[in-house]
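Take a look at the structure set out below.
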Amino acid sequence: MLIRKAERFDAGSMFAIVREATAAADTLPFRAMPDALCEAHWFGPHQAWVATSDDDRVEGIYKLGDNYPDSGSHVASATYIVASGARGRGIGRTLVEHSLDEARSRGYSAIVFNYVVASNAAAVALYLKLGFAVVGTIPGAFRHPALGPVDVYVMHRAL
Ligand SMILES: CC(C)(COP(=O)(O)OP(=O)(O)OC[C@H]1O[C@@H](n2cnc3c(N)ncnc32)[C@H](O)[C@@H]1OP(=O)(O)O)[C@@H](O)C(=O)NCCC(=O)NCCS
């Protein structure tokens, strides 16, 4: 697996991964993801990265940037998505570890995840294993298609 900065030619593969995850409706709050919204999220102020297979297919993506501008810009935020067919093989862990190194090298003092759906077992387990803590819970903030209202965690790790 190679992790490299996302390029314009990755957009189609990246947006397909985003849309697959949002269509599943069980981990991310967004639903329809037209090109303009994908562009704004993945080629906006946050730097996007891709994880590619040996045959150069994009299997995972993440983005990292300021959680808030100006007085909040010393704290990063990030989003990770792995294509459903590539999950459970360590790509997500590698992306989070890469982002921790990248955030440190860019001088951030912490990373915060603002919206981790409590029933998202894979993400919660992964973040806890890599040193993040649940620092807040927003009751029932996510409407899960099968579970109904589910809590949302704010997760934080100092760097
Ligand atoms: C969360 C996500 C990025 C994890 O990616 P992944 O490539 O499947 O993760 P990995 O294979 O690296 O597994 C990471 C760890 O989580 C654990 N894990 C994975 N699924 C799990 C589950 N359902 N329950 C408990 N632990 C789980 C693994 O055992 C692994 O631990 P290890 O590294 O100590 O062996 C992926 O599931 C995903 O893209 N989900 C949809 C989008 C999403 O939820 N993004 C995060 C939004 S906050």
Side-chain angles (χ1 to χ4, degrees), residues 1-6 10-33 37-38 40-44 46-68 75-103 108 110-159:
M1 186 202 324
L2 172 75
I3 298 183
R4 59 166 173 78
K5 285 184 176 172
D10 294 312
S13 313
M14 294 168 66
F15 297 174
I17 289 174
V18 172
R19 289 183 179 124
E20 181 192 35
T22 55
D26 56 353
T27 60
L28 300 169
F30 303 94
R31 288 293 167 271
M33 290 295 294
L37 192 53
C38 287
H41 283 208
W42 291 89
F43 289 98
H46 285 202
Q47 174 67 54
W49 298 76
V50 296
T52 58
S53 61
D54 291 345
D55 57 354
D56 211 28
R57 277 177 299 108
V58 175
E59 294 190 308
I61 58 177
Y62 88 86
K63 60 184 173 68
L64 175 81
D66 298 355
N67 186 44
Y68 279 98
V75 175
S77 189
T79 305
Y80 315 86
I81 310 178
V82 174
S84 64
R87 290 180 195 160
R89 291 202 266 115
I91 297 173
R93 173 185 271 269
T94 305
L95 290 177
V96 178
E97 289 174 340
H98 188 279
S99 71
L100 288 168
D101 289 343
E102 180 66 16
Y108 288 113
I111 299 186
V112 67
F113 303 140
N114 301 298
Y115 203 96
V116 184
V117 174
S119 58
N120 188 352
V124 173
L126 173 59
Y127 301 156
L128 289 174
K129 281 180 183 181
L130 292 182
F132 288 82
V134 175
V135 295
T137 301
I138 311 168
F142 181 73
R143 291 195 305 276
H144 191 287
L147 304 175
V150 169
D151 293 350
V152 168
Y153 295 147
V154 178
M155 298 188 74
H156 176 273
R157 187 195 151 148
L159 296 174

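Everything quoted here is computed from the prediction, not taken from an experiment. Whatever order the structure lists ligands and atoms in, that order sets their numbers, starting from 1. Only heavy atoms go into these numbers, but all of them, side chains included; no hydrogens, no water, no symmetry mates.
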*Are Arg4 and Asp10 close enough that some pair of their side-chain heavy atoms sits under 4.5 Å apart?*
yes

*asked:* Quick test: of every protein heavy atom, which one is nearest to atom 25 (C) of ligand 1, and how far off is it to 0.1 Å?
replied: Ala125 CB, 3.7 Å

*Is Gly90 close to ligand 1, meaning an N/O of one under 3.5 Å from an N/O of the other?*
yes

*What are the atoms of ligand 1, with element, lying closer than 4.0 Å to any heavy atom of Arg89?*
11 (O)

*For Thr22 against Arg31, the heavy-atom pair lying closest together*: OG1-O, 3.3 Å

*Please say whether Tyr115 places an N or O atom under 3.5 Å from an N or O atom belonging to ligand 1.*
no

*Grab the two heavy atoms, one from Tyr153 and one from Val134, that are nearest each other, plus how far apart they are.*
CD2-CG1, 3.7 Å

*Any side-chain heavy atom of Arg93 within less than 4.5 Å of one from Lys129?*
yes

_Tell me the contacting part of Ala122 for ligand 1: side chain, backbone, both, or neither, using a 4.0 Å heavy-atom threshold, strictly below._
both

*Would you mind reporting whether Val117 and Asp26 have side-chain heavy atoms less than 4.5 Å apart?*
no

_Tell me the protein heavy atom at minimum distance from atom 37 (O) of ligand 1, and give that distance in Å._
Arg87 CD, 3.4 Å

_Could you check whether atom 14 (C) of ligand 1 has a protein contact, counting only heavy atoms that fall below 4.0 angstrom?_
yes

*With a cut-off of 4.0 Å, which atoms of ligand 1 are near a heavy atom of Arg93?*
12 (O), 32 (P), 33 (O), 34 (O)

*Does ligand 1 have a heavy atom under 4.0 Å from the side chain of Tyr127, from its backbone, from both, or from neither?*
side chain

*asked:* Side chains of Tyr108 and Asp66, heavy atoms from C-beta outward: is any pair under 4.5 Å?
replied: yes

*What are the two closest heavy atoms between Asn114 and Ser77, and how far apart are they?*
ND2-OG, 3.5 Å

*asked:* Using 0.5 Å steps for rounding, measure from the CG atom of Asn120 to the NE2 atom of His144.
replied: 8.5 Å

*At a 4.0 Å cut-off, with the gap strictly under it, does some heavy atom of Tyr80 reach an atom of ligand 1?*
yes

*Per-atom contacts, ligand 1 versus Ile81 - under 4.0 Å to a heavy atom*: 39 (O)

*Could you check if a side-chain atom of His46 sits within less than 4.5 angstrom of a side-chain atom of Leu64, using non-hydrogen atoms only?*
no

*Which residue and non-hydrogen atom of the protein lie closest to atom 39 (O) of ligand 1, and at what distance in Å?*
Val82 N, 2.8 Å

*Should Ala21 be counted as touching ligand 1, given the test is an N or O pair under 3.5 Å?*
no

*Check whether any N or O atom of Gly88, backbone or side chain, sits under 3.5 Å from an N or O atom of ligand 1, and answer yes or no.*
yes

_Using side-chain heavy atoms (C-beta onward) and a distance below 4.5 Å, is Ile81 in contact with Met14?_
no

*Note the single closest protein heavy atom to atom 7 (O) of ligand 1, along with its residue, its atom name and the distance in Å.*
Gly92 N, 2.8 Å

*Give the atoms of ligand 1, by number and element, whose distance to some non-hydrogen atom of Thr27 is under 4.0 Å.*
41 (C), 42 (C), 43 (C), 44 (O)

*Taking the six-membered ring for Trp, are the ring centroids of Tyr80 and Phe113 within less than 6.0 Å of each other?*
yes

_Contact check: Lys129 vs ligand 1, nitrogen or oxygen atoms, below 3.5 angstrom_ = yes

*Between Val124, Leu126, Asp26, Leu95, which one has a non-hydrogen atom sitting closest to atom 4 (C) of ligand 1?*
Leu126

_Contact (N/O only, under 3.5 Å) between Asn120 and ligand 1_ = yes

*N or O contact, Leu28 vs ligand 1, cut-off under 3.5 Å*: no

*asked:* Using 0.5 Å steps for rounding, measure from the CG atom of Leu95 to the CD1 atom of Ile3.
replied: 5.0 Å

_Looking at every non-hydrogen atom in both residues, tell me the closest pair between Ala24 and Pro145 and how far apart they are._
O-CG, 4.3 Å

*Protein contact of atom 24 (N) of ligand 1 - nearest heavy atom, named by residue and atom, plus distance*: Ala121 CB, 3.7 Å

*Output yes when a protein non-hydrogen atom is found under 4.0 Å of atom 11 (O) of ligand 1, and no otherwise.*
yes

